[in-house]
Structure formats: structure tokens, C-alpha cells
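Atoms within each ligand, like the ligands themselves, are counted from 1 in listed order. Just so it is clear, the model here is predicted, and its values are computed rather than measured.
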Amino acid sequence: MSQQGYVATPPYSQSQPGIGLSPPHYGHYGDPSHAGSPPGMMKPAGPLGAAAPGGMLPQGPSPPGPHQFGQNGAHAQGHPPQRFPGPPPVNSATPSYAPYSPSTQSSYPSPASTASVTQLASQLNAMHINSYGSGMAPPGQGLPGPPAPLFQGLPRPPQPSIMQPGSQVLPPPPTALNGPGSSPLPPSTHRQDGLPGPAPLNAQYQPPPLPGQTLGTGYSPQQAASYGPQMAGGQLSYPGGFPGGPAQMAGPPQLQKKLDPDSIPSPIQVIENDRATRGGQVYATNSRGQVPPLVTTDCVIQDQGNASPRYIRCTTYCFPCTSDMAKQAQIPLAAVIKPFATIPSNETPLYLVNHGENGPVRCNRCKAYMCPFMQFIEGGRRYQCGFCNCVNDVPPFYFQHLDHIGRRLDHYEKPELSLGSYEYVATLDYCRKNKPPNPPAFIFMIDVSYSNIKNGLVKLICEELKTVLEKLPKEEQEETSAIRVGFITYNKVLHFFNVKSNLAQPQMMVVTDVGEVFVPLLDGFLVNYQESQSVIHNLLDQIPEMFADSNENETVFAPVIQAGMEALKAADCPGKLFIFHSSLPTAEAPGKLKNRDDKKLINTDKEKILFQPQTNVYDSLAKDCVAHGCCVTLFLFPSQYVDVASLGLVPQLTGGTLYKYNNFQMHMDSQQFLNDLRNDIEKKIGFDAIMRIRTSTGFRATDFFGGIFMNNTTDVEMAAIDCDKAVTVEFKHDDKLAEDSGALIQCAVLYTTIGGQRRLRIHNLSLNCSSQLADLYKSCETDALINFFAKSAFKAVLHQPLKVIREILVNQTAHMLACYRKNCASPSAASQLILPDSMKILPVYMNCLLKNCVLLSRPEISTDERAYQRQLVMTMGVADSQLFFYPQLLPIHTLDVKSTALPTAIRCSESRLSEEGIFLLANGLNMFLWLGVSSPPELIQGIFNVPSFAHINTDMTTLPEVGNPYSQTLRMIMSIIQQKRPYSMKLTIVKQREQPEMVFRQFLVEDKGLYGGSSYVDFLCCVHKEICQLLN
Ligand SMILES: [Zn+2]
């Protein structure tokens, strides 16, 4: 492998902060063109912006009584959307950001002028990463500055700091890098020539190599590159994370004592500590505001009145009492909700409550559903709603006496009184047109253009469908699936198939008018698989032959979705389209696309265009699909640019999944694809769904991220939602919260089951409230924070320059930590970095997010890949986003073949690898088996059944089944890692020092990025510097 390859040439050397060059370009913020897209809407601005009539459910005011998702009275429409108008009403004798004075700047050469800082604060608000901006205000208007009192105080010179034992304390960069007790000034050899004065914080500072990297593992040559000049002096912005030019990397030899990576917070340590203390135990959800075990910890969850963390996780389980406090801390208040999460077999599945014709009991005012937060009074004749405080009569059918502590006698007999999560059978009031829904249908739509036929893909799909259709999901009590199936093939025209059970042969009907697609047949298109099995198999056998001689290269795409949706509409049922597609749809039809992949846009203010759909056809198509309960799942097999940003929009907004197999090769990729297909067909899913979040008074849901569509500000519409999809919800204050009553959240999802039943799934969660910042910090969950930050940043990518987004993320990280330092940490030298225990690893995770290809403006990464990952993350739950941003890296050579336990993971850094080792890395999309050049021969033999390293064939995507304990244990570990993940991970075998190692290295996220992005150590220093500035 070429070591040289790791020395990325950065494009940002010109704007390297700290060396007195151009200030950040903030000018584009506030550009009226950005204001067009209303916050709170999932989709980019387009023709769908107007609230269209005719959603799934009647809109408008709710009549009393059982009703579908009526208005929340407490949060009535017309409430000013702007939560925090004007500047914070704090004792603002000190101007905001005092430290950013000219004098400070002179000693900390930085592009961050006072003006730009203020402006950045505005941008924070506009982007909604900062939770405390004006939700609906046009960017740049009426945004509060950061609270002044937070950062009072005189600038203090950096002091030598003490690394406290076992602490989260890190010396400030200049001191740390020079070693304790040394001069605060770095040796002149490490300063960039021409820098004015004895600036202690210097962009040119190069930390020395890390331990382990110089110890004969063969990694030393690139150390200078890996730990390059990211140490931009006091820069506010992240660009410091992008390394300087190669000249800087070839700097003087590293003489300083190093900043020991073992001394900075380790994600593995945090994960292992939580496992040690909470793993394998029963976690009961009986108390308000308790912080659950980490997503990486296995435990048994027992619902005792709050929703399991498998369903809902929060960024913090203690909300600040006031909006001022929230503004001060800048910690996003958000919940990541996965309403259909898979529950392990040793936990209780959801109970189903059926009140017959009465339907669910709901608060008359806010329409919240009966739940443990309702307080029964007056001997059980009335109850007070925990959400809006309205006192309601208990319906006669629901009356029950109270016991001596005021609890209903049937408390433990009724799931809705004692559990956090349960389901209700919905009455006809909750159904479209007041009639029970039809069971859903699946439609398989296969691109039969030339290349798909030639490379065997069509045949593969048809063969697989024959077996996978046997496994259509069904209700537990049913013998067969109620789901009907249909088949369409297409290139530039559409072919519908009649597979009615009484036919001897399937019949094909061609629709050539792709401009206005109609459904040529109703009877015989959607059929019961069991009944029509022989006709269907006949068809699947014939399809590859039928188009074998076709030379048609062009395809349509939007008409395909249109056709599927029209077919579902005609059959009056919800459903899911499985589209297998390969190319840019260039045929003349609605949604026709051109190749607009323009690398010149990268790193400009127009880069966002690459993430936006090319035409608004897909936007309106998505809206129609959601309105008809049509979910679209897309299997993409691109060999070149196909415009994922456009093609993936409908799948994303309809709760479908986008799978992408680049340069699909039958022998390498079919297993991954087939696993995905099987899994997708079989997975638990709800259709035609509307989610509504209700909250107790004082705060409310203001922004939503996920595979959703919103026609108004409260109803989260989803054509479907499956067990892997999460919706992230942000909350803001609209009043004070009280410590005694806490903050209550109820998530209700109205949906149609795979058997065609209309149901309501209810999840309730109670959080604490506190007027002490320390309580807030104590109750944070970094994994959920990163999920929120990733989604809000990836949403902002559609509208804002990436550079601004990166700066906002860095800035908010520093603010959150500085606020803790200022208000919660015990007094210590200002120069010490003190991190709250719950956010110890926020910096490393944040750095991983910043280095993700979506936010990294680099031409080396394909536009389609970036668009793909952006869409992927938008629907991720907390466990998936945790693994995606910080991959799991397991030392396989330490495997205990007698144990079924996974080996303890190691940190994602090259310094943790060894050439005598074998390591498995997984991030939820990819899996790598990295083999050190001196891997033990017995392991090589055991795993690959070949005599030596040199004999290993890296051209395989599954391990051979060798009857050897190493092989068996390793394959078992791989299947355990795969098991809980929504995407099948393709295995790549990587030999140390061979070319594919470059790809693997991108996942060593603690190191400097291959294409830019700082190392963890450098990023921590950068954040620390910002914190110091904020504190001064
Ligand atoms: Zn209420």
C-alpha cells in the first residue's frame, strides 16, 4: 500500500484560519433564496409547499369525542411559531462574546471577528441546529445572540494544566503539546514563518506521533500527515480540521512530547463501562427522567410505565425549566422515536387494547390517549389530563373505583394505565372513508433494460422472488399472508401482468403512454400469491426470456412510481413498491433526468444543489404517494451517476428504503442484495400512517426529521413505517416547565397492519425538568445527540453552504461544553478542558459526523454516494447512527473460540492495529476484515483454509465455511453483528499495505481523514480552544 496515498492534498490551505487569511464566507447566509423553504417541512421547497387538501385524514377542527388525531387544544393553531423572539432578556451588561475583541484576536489570529461570531449565531438559529432560534422567522431576523453572562470574565493566559487522575480533563493545546511544565510558547521551529508575534496557539503546530504508531507497525511515515497543522489558532470555524498543504506536512521533525490519545476520552471505554454496569440486567422504565443504558449495552427492558428506549431515546432526560436555560446550554431537546422497533423475544410484545365501538379513551381537549399520565379523581368519575390539565369525565363504560392511594383498582389490568407502550384497535372513525382498510399490496417493478438483462440481474431477481414470496409478512394468528402481489416490468414503456389464478399463462399489457400512466387492468393484477402461485412462477420464469433480445437502453422512472401508486389507488389499498432500477432515467417522460453531476459546485455555496432533486416531479409524486399510503423501496444498481438525490427522494419521503449496489457484479454482490431483498420483504411494517406527538404544557414538538411528509405543522404522515425507521423530533419551550410535573411526551401512530387492521400505537415517556443546568447535563445521551445533529445538519445541507453547517456544528459543540464548564464544573484553571460525563465522547462523535462524506466537500467522493448517505441517515435510529458514525472494530486474533461473547472492541485508529493481528470492522453498511501482514498462519488457515497470507484471495464477499473453530466463531460473530442491522453489510477482505486498504482507512475515524477532516486529537484541541475563548 502506498503510504503516500494518505497524504491528502487539502483544498483549504488558502483559507487556513490562524494564518491571517480570508475570513469565513458568511455572506450567503440570509440569501433570500434560502428563505423559501419553511422550516418544519421535510421536503425542499417546491410545489408541495402549499398545504394541499385531501390528506389521508380529515383536517381541521376536531369534533368532540373519538376522532382521528384532532387538534391539540393546548397547542392551538395560530400560536406564534417564533419561540424566542428578540435577544435573551438576561442581565446583559457584558456584551455578547466579549472575548472576541480585537485585542483577543491579535493574540489568537483568527478569522472569527465579532461580527462573524454574531452572524454565526444567527446561522445557528437558521439551521435549527441551535435549538433556540426562531422556528419560523426568516434567516437572520430577530435571532437572539448567545447569552452574554455565560462567557464573562477576563481572558486568562493559558496555564500549564494538570491531568487529573481518571479525569475528563485535558490540558489546553499549547500546554499539552509541549508537555506539562514547559513554556507556553511552542518552539519557533513549529511556527509558520511570518506569523506575527509570539502567538502561542498556532496553526502550524504539529503534534508528534502517537504511541504505538512508531513502534514497528510500519505506520510512522505518514504521522506528520496524520497530525498535520489542524491546530489553527483559536479558529471559530472547522476548516482548521482540513489540513494544510503537503508542504506543511513535510514539516520539521516531531520533537515535542505527545498528546497521549489514551488520555482523551475513549468511546470504547464509555461503551464498556456502561456494559459492565448495566449490561445483562433488567432495566425497568418505572421512574420519570431516568437515563437508559446505552444503545450498545444489551439488557432486558421491562415496561413499567414509560416507553422502552428501544422505541424512544432522548438527547436529554431532563429538560431545562425555562427557555433561557435552554438557550444558555444550547443542548438540543429532541427525541428519536422508532415506533415499530423490533423487540427481542425475551421482552413482552405490545398489548392490544380493544374498547370495541367505544374506541380509545381520549382527553376532550388535547385528544391525548388514555395513559399512565392521566390522574383519576373524584372517586374515579373524572380524570385530569397530564398533557393539557383538562378535567374529563370518565366514560361510563370505562368507570372503575379508586384504591386508597387514588389509583384505579384495575390499574395493572389495563395496559393503557400502567404501561408506556401499547396498541389500540381503532374504530371506523380512524379509517379512510369510515370503512375498514383493505390489506396492503406489494408490487414488484423490474427494470428490464438492456444492461439489467445482460448482467443477469433480471434473472436473479425473478428467481429470488419465487422463494421470497413464500415469506410475505402475515399476522401472527393467520395462516397465510393477506398481502396481495403484482408485477410490472419496464424500460421506456411499462408492462403490466395479469396473473389471475385461473389463467394458464400470464398476460402482458403494455402501456406506452408514460406521460399519463393509467392502469390497464384491475382484476388479475393484484393477486393472492398462494392462489396464483403457478401463474406467478410461470411469469417469473418468462420475464428474463421475454426481454432477452431487447436492446432498449433508456428507462423511465417517475412513471413507474406513478403506475404503482395508481394501481394501489385503483385497488383501494395501501402498499409498497419494490423497484429494481439501474440507470439515469433519460427517456422522454415526466421525471426525466439529465446528468448534472458537477464537481465544480463542490465547496461552493451552490454545492447544496447536488443534494436537491433535479425536478419537482419527484416532490409531488412523493406527496401523492404518501396521500395514498404508497411506500416506495428502491434497489439501485448504478454503474455511473444516476442522480440519487432525485431518484431517492420518493423512497425517502414515503418511508421506503434506498439500497444501492455500485457496479453490481453477480458473483460479488448478489448475496448482499438478496439478503436485503428478503429482509425488506419480511420486515415488520405499518402502512398509511399518521404520527402525532403530544406534549405536556410548556413545550412542544417543532421540527421533525425522517422518512415523513408533513402537510401541516403537526401531523407527521408516513406512507409506511417499518421496524428500522426512526423519526427525530425536536422540542422547544413555549412556557416554563415545572420541576414537579416534569415533561411528558405521547407519540401516537395511527396505521394499517399487514393484515389490514387499523390500529393506534401509543408510546409515552416522562422526562424530568430542572432549573439546575447540572441536572440537564447529567441526563444527556450523546448517541441521541449525534443522531439529532446528523439529521438536522443533513437536512440543512439542502439549503445551506456546507462550510456554514460545519462551523455551526463545531460552534454548538463548544457552546454546550463551555456552558457546562462555566456553570457546572468545579472551579479549576480556565485552561483545563472539562467535559460532562454524559458528553465525554461528544467531541469524537461530532468529529466523525463532520468527517462524513456528506459534510466533507471533496470531489473524490461521488455525488451519488453522498446523496445516498444523506438520505440513509435521515431515517436512522440511535443504534444505527451510533455504529454508522463510529464503527465497531474488533480484534479477531484475540478471539476466544470457546466463548460466544464478542471480543472487546478497540478504538477506530490505525495506531490500534497491529501487523500481527486480524481485525473486523463494521459500520452498518460495510464490513471489512483487515489482515496484518504478519497475521498468525494458524488463523489464516483456520479462517480461509489457505496456508499463508499470500494465498488469501481478497476477491470474496463471504468467508468460506471451514470446519474449524476460528472460522465458525468468526462467522458467528459476523452474523451477530449483522443480525440487528437494517442493511446487509458487504464484506471486503483487506490486506495490510495493499490498495483496498485505502477504503478501509476511511473508517478509522479517530485518525485524520483520507480526504480531509481532523483526527480526534486535533479536533478536541480545536474544540478546547473555542471553549477557552468562550470562557474568556
Ligand atoms: Zn388533554
Side-chain angles (χ1 to χ4, degrees), residues 57 59-79 288 305-307 312 319 335 337 353 355 358-378 380-400 402 406-408 411 414-422 424 426-427 429-430 690-702 712-716 729 731-738 740-750 760-767 769:
L57 293 171
Q59 310 284 333
S62 312
H67 187 72
Q68 51 271 54
F69 289 74
Q71 269 310 330
N72 182 337
H75 305 148
Q77 296 236 333
H79 192 287
R288 193 177 81 188
N306 283 286
I312 308 183
F319 278 11
I337 306 174
V353 181
H355 290 330
N358 292 302
V361 180
R362 304 177 68 175
C363 170
N364 287 328
R365 187 196 287 168
C366 74
K367 304 291 171 196
Y369 295 85
M370 180 52 64
C371 67
F373 310 146
M374 304 298 188
Q375 183 70 47
F376 288 88
I377 52 176
E378 298 179 22
R381 288 187 306 278
R382 310 182 85 186
Y383 69 94
Q384 183 168 26
C385 174
F387 298 93
C388 72
N389 299 320
C390 173
V391 174
N392 296 275
D393 290 334
V394 172
F397 87 91
Y398 201 66
F399 176 79
Q400 180 59 259
L402 307 184
R407 205 162 53 185
R408 281 172 62 118
H411 180 83
K414 289 204 165 3
E416 74 276 19
L417 297 179
S418 51
L419 297 179
S421 301
Y422 43 87
Y424 275 116
T427 55
D429 291 334
Y430 296 83
I690 289 193
M691 180 168 95
R692 183 69 185 262
I693 305 292
R694 289 184 175 78
T695 53
S696 52
T697 50
F699 74 112
R700 63 169 188 164
T702 53
N712 56 47
T713 54
T714 50
D715 292 322
V716 182
V729 182
F731 301 101
K732 283 180 184 155
H733 287 78
D734 46 17
D735 204 346
K736 281 195 169 66
L737 299 174
D740 55 346
S741 50
L744 311 178
I745 298 169
Q746 182 176 77
C747 161
V749 183
L750 173 64
L760 281 150
R761 182 170 282 214
I762 315 288
H763 296 298
N764 303 289
L765 186 63
S766 59
L767 307 175
C769 297

Does a side-chain N-to-carboxylate-O contact under 4.0 Å join Asp715 and Arg692?
yes
Under-2.8 Å protein N/O/S neighbours of the Zn ion (ligand 1), ordered by chain then residue number
Cys363 SG, Cys366 SG, Cys385 SG, Cys388 SG
Does Glu378 have more than 12 heavy atoms from other residues, nucleotides or ligands lying within 6.0 Å of its CD?
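Yes, the 6.0 Å shell around CD holds more than 12 heavy atoms from other groups.
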Arg288: side chain to side chain contact (heavy atoms under 4.5 Å, CB included) partners, not counting sequence neighbours:
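Partners of Arg288 under the side chain to side chain contact (heavy atoms under 4.5 Å, CB included) test: Ser766, Asn768.
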Taking Gln384 for the side chain and Asn389 for the main chain, is one N or O donor matched with an acceptor at less than 3.5 Å?
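Pair found, side chain donor or acceptor close to backbone of Asn389.
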Can the ring centroids of Tyr398 and His355 be said to lie less than 6.0 angstrom from one another?
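When the ring centroids of Tyr398 and His355 are compared, they turn out to be within the sub-6.0 Å range.
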From CD1 (Ile745) to CD1 (Ile337), nearest 0.5 Å
7.0 Å
